[in-house]
Peer 1: 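Can you read through this structure? Questions will come right after.
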Amino acid sequence: MKAAIVTFPGSNRERDMRMALTKVNNGKPPVDVWHGDSELPKDIDLIVLPGGFSYGDYLRCGAMAANSPIMQEVKKRAEAGTRVLAVCNGFQIACEAGLLPGALMTNASLQFICREVNLRVETTASQFTQKYRKGQTIRVPVAHHDGNYTLDADSVKRLEDADLVAFRYADSLGNVAASTNLNGSVSNIAGIYNAKKTVLGLMPHPENATDPVCGGTDGLGLFESIAESLS
Amino acid sequence: MGLSKAEYDLVLEIMGREPNQVELGIFSVMWSEHCSYKSSKKWLKTLPTKAPWVICGPGENAGVIDIGDGYAAIFKMESHNHPSFIEPYQGAATGVGGILRDVFTMGARPVANLNALRFGSPDHAKTRHLVSGVVHGIGGYGNSVGVPTVAGEVNFHPSYNGNILVNAMTVGLAKTDKIFYSAAAGLGNPVVYVGSKTGRDGIHGATMASAEFTEDSEEKRPTVQVGDPFTEKLLIEACLELMNTDTIVAIQDMGAAGLTSSSFEMASKGGMGIVIDLDKVPARETGMTPFEFMLSESQERMLIILKPGSEPQAEAIFKKWELDFAVIGHLTDTGRMVLRFNGEQVGDLPIDPLAAASPEYDRPWVKTPPQKPLGRVNHPLPFVEALGKLIGSPDLSSRRWIWEQYDHLIRGNTAQVPGGDAAVVRIEGNEKKALAMTTDCTPRYVFADPVEGGKQAVAETWRNLTAVGARPLAITDNMNFGNPERPEIMGQFVGAVEGIREACLALDYPVVSGNVSLYNETNGKGILPTPAIGGVGILDDVTKMATLAFKLPGEAILLVGK
Amino acid sequence: MKARVHVSLKNGVLDPQGKAINHALHGLGFADVADVRQGKLIELELTGALAAKPKAEIEAAVKDMAQKLLANTVIENFSVELVG
Amino acid sequence: MKARVHVSLKNGVLDPQGKAINHALHGLGFADVADVRQGKLIELELTGALAAKPKAEIEAAVKDMAQKLLANTVIENFSVELVG
Ligand SMILES: Nc1ncnc2c1ncn2[C@@H]1O[C@H](COP(=O)(O)OP(=O)(O)O)[C@@H](O)[C@H]1O
């Protein structure tokens, strides 16, 4: 696997991501790409848009980063089928850039939320999640202020019909209910795929659940799935 | 401008003439309680600050201790009480920003934030707004810069109704051979300004922090500074990148009293003089005066002395991070600060009398009289009911709703999250080891008996660190007291310092940094004396860390101690 | 009856958002933007007894709301406008 | 030359901030507030060649800025107004 992590001004979980990717890639770290670059290395097969507060989350989360030079190149690569993993602020950037449908608004509580949540794996028919079981619940932390996924009802239906919902906020038994809706997201959605399932965007931080001492290992499955499918 | 008659006479003597407005402004902030520690210095000197593992004690931007294997922990706690009362969100946010700069200016990557908060009575009209604003502000800044907020404490008491306490602490990690200090050196070396532009924010913040509150303090509103965590994040990355090159002679953040205190302190420590061209200072607004440039407390700015010829290399780094960079002056050997503006000299002051040799007071104090013993307390309630009431009380109830608003996991090294006795943060690069950290103080104990209360605060941090399995190493303190010109308040301060001293000596647990916030009063009523202590310790094997949850049914519960 | 409250930062108060937007617009090639300030526009739908009152009284009530909640008068100014 | 861009949430998009403000206003005793929507008002100071152009062209340029950056047209509407 040859992964690249894009750093925007204000990105701050790029190194958490680097630790996780290095772990599943035989100790080989991903390459770092700068927001001002207009090209990515040729042989990259995974692009990661990491978490953080790009441009301070000013105006709208992800809006300014979505317009940076590197995003033109990321869009081109994504169209050509290169895998993109967009986490938290990365998810916001991907939506703003049109790589994924919908928008991420302020949490219904209007507060930043940092806690471990249960996610139900909605599909394993993807090269991001094939190492999980369908319907499995995993414990992964969230840390965001604007994770309230918003999309019109027809489009949500289309996502569901095409098996493009990746994760939902659930309880520990995998029940998805209003009471397990962390942030007001439509249909409890925590993560989605693009139509070709080559782009995954999600609010939670699987990269912070890859270590038995800090946060547990439930997020490893995602990185192992990616590494396996790209090796 | 906050100088007493005697102090003004001293100004005249030092200057040998009437100072102009800029010079007088500089005297006034440099000799403010906040910058000069004039009431507290005498007593702070009595604290134990040495141990074989102390690399740098009080006097620098933060304290530095050796944690083995070539690593150092750098930490400090600082207050932002008055600004947080006036504008809780921005006050708390800029408090976090300020303490972060104190730590990364020494070469450390900040790895954890903590806080110690005191609010008025929960049913006081302002409390809810203040709590919510302060918590949002701490989270808003810390979450954005990407430093986990891992521990803290919160108390409520009516004495804080008109004067809340917001103390923020940062812990950073550095290599022991890559620590940066603030003493200026090298005749002719360039003095460089980096970070955000200067606006008219917070002019006279430092003097405000040293004045008692009155009802009309709300009039002082426009001096509020607004924090920009986005710029701070860029500044952290740019400074750490610069520190990887061999270009820095000295570096210091611009905190309270901005350009004035940073330039005077750097020059004084290095025994140098400085010439500053104020026209070169990046300005956010038009028409700013020398007085405003020198006294502005705009946030997210640093002052650096570079090695000669390294300006282009340094500038390239700050440009890459989209920050301002300007050579604003150079070092001289005159021991004087010369300020120029529009081709004219607008100020000329000796450095030492304003910095190292500023006034020092031995304020009168009286010993706090012993309290009457409480006597026997009858239990007014059945045990279970009493327990429920205690657990539900504002001072003891769960703080989860607060710490869930802080990103306590970012960087992936938080081995023990808030909710336990101390937070545990793994040391990156040496992942078997971890730092443990906590903040503690019980102000009502200090009020009842300053000496015992001071001891207790230190001992509580010690216990919390040992409870997670760490070896306690050193503390930072934040001394929050009322008006030191009143002997009974000064007596509380003296007593608390004495208690801290005794506990630190007994535990071989030195003080490596700290901060004093006096004049915490509203209309003549002081707060409970609150010497907040931040303790740091080390775990050699993080997998042996202890947590407070009961693990298995049937296991014995032991009570130890007396 | 609708009311609009425009909340903006006081002159001289740092506007990090505006600064970042300005920067981003330049990056997009809009070089002739000299300055950007971001404020809020809060639209209130009023009903009941209040909506039936004379304009001056409605305005006073909305100003009261702005003072107490909608604006942070430490760093923000506000203005009130009644529509329809 | 100044331009103002008013960005507001589209009808039908839930506005958590507006809802919270409404709730808080009721808590403060302003019972006759039926609904609250919070939008942004972005004020741009224009100079140079752009400011010297005919109004229609300036307006078009500002609309372009809004489309590309200032508003997210998936969830937001915007309107542009030139002042002075
Ligand atoms: N303001 C705060 N920010 C972060 N964590 C906090 C805060 N207040 C309390 N906590 C955390 O909540 C837990 C309980 O706090 P406290 O009751 O003060 O602990 P103790 O008295 O056991 O030292 C601790 O883990 C503490 O770090």
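Chain letters run A, B, ... following the sequence lines, proteins first and then strands; every chain starts at 1.
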Peer 1: At a 4.5 Å cut-off on heavy atoms, which part of A:D152 comes close to chain D: side chain, backbone, both, or neither?
Peer 2: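 When you check distances to chain D, no heavy atom of A:D152 falls under 4.5 Å.
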
Peer 1: Any chance CG of A:D161 has more than 12 other-residue heavy atoms, nucleotides or ligands included, within less than 6.0 Å?
Peer 2: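 Counting neighbours around CG of A:D161, more than 12 heavy atoms of other residues, nucleotides or ligands fall under 6.0 Å, so yes.
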
Peer 1: About how many Å separate CD of A:Q92 and CG of D:N72, when rounded to the nearest 0.5 Å?
Peer 2: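 With rounding to 0.5 Å, CG (D:N72) is 11.5 Å from CD (A:Q92).
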
Peer 1: Considering only heavy atoms, which portion of D:V7 lies under 4.5 Å from any heavy atom of chain A: side chain, backbone, both, or neither?
Peer 2: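 For D:V7, neither part sits under 4.5 Å from chain A.
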
Peer 1: Measure distances from A:T150 to the heavy atoms of chain D and classify the residue's part below 4.5 Å as side chain, backbone, both or neither.
Peer 2: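 Just the side chain, heavy atoms under 4.5 Å.
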
Peer 1: Counting only heavy atoms not in D:K10, do more than 12 fall under 6.0 Å of its NZ?
Peer 2: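 More than 12 within 6.0 Å, yes.
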
Peer 1: When you measure from the side chain of A:N67 to the backbone of D:K68, do you find a donor-acceptor pair of N or O atoms at a distance under 3.5 Å?
Peer 2: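 Yes; judged by distance alone, with no hydrogens or angles, the pair exists.
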
Peer 1: If I take atom CZ from residue A:R60 and atom CG from residue D:L69, how far apart are they, to the nearest 0.5 angstrom?
Peer 2: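 With rounding to 0.5 Å, CZ (A:R60) is 6.5 Å from CG (D:L69).
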
Peer 1: Name the region of A:L59, side chain, backbone, both or neither, that has any atom closer than 4.5 Å to a heavy atom of chain D.
Peer 2: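 Backbone plus side chain of A:L59, per the 4.5 Å heavy-atom cut-off to chain D.
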
Peer 1: Would you indicate whether D:H26, at its atom NE2, is surrounded by more than 12 heavy atoms from other residues, nucleotides or ligands within a distance under 6.0 Å?
Peer 2: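 Result for NE2/D:H26: enclosed.
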
Peer 1: Need one label for D:L14: side chain, backbone, both or neither, based on atoms under 4.5 Å from any heavy atom in chain A.
Peer 2: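 The backbone, not the side chain.
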
Peer 1: May I ask you to test the D:P16-A:L110 pair for a side-chain heavy-atom distance under 4.5 Å?
Peer 2: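 The answer is yes; the side chains approach within 4.5 Å.
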
Peer 1: More than 12 non-hydrogen atoms from neighbouring residues, nucleotides or ligands closer than 6.0 Å to CD on A:E160, yes or no?
Peer 2: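 Yes, enclosed.
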
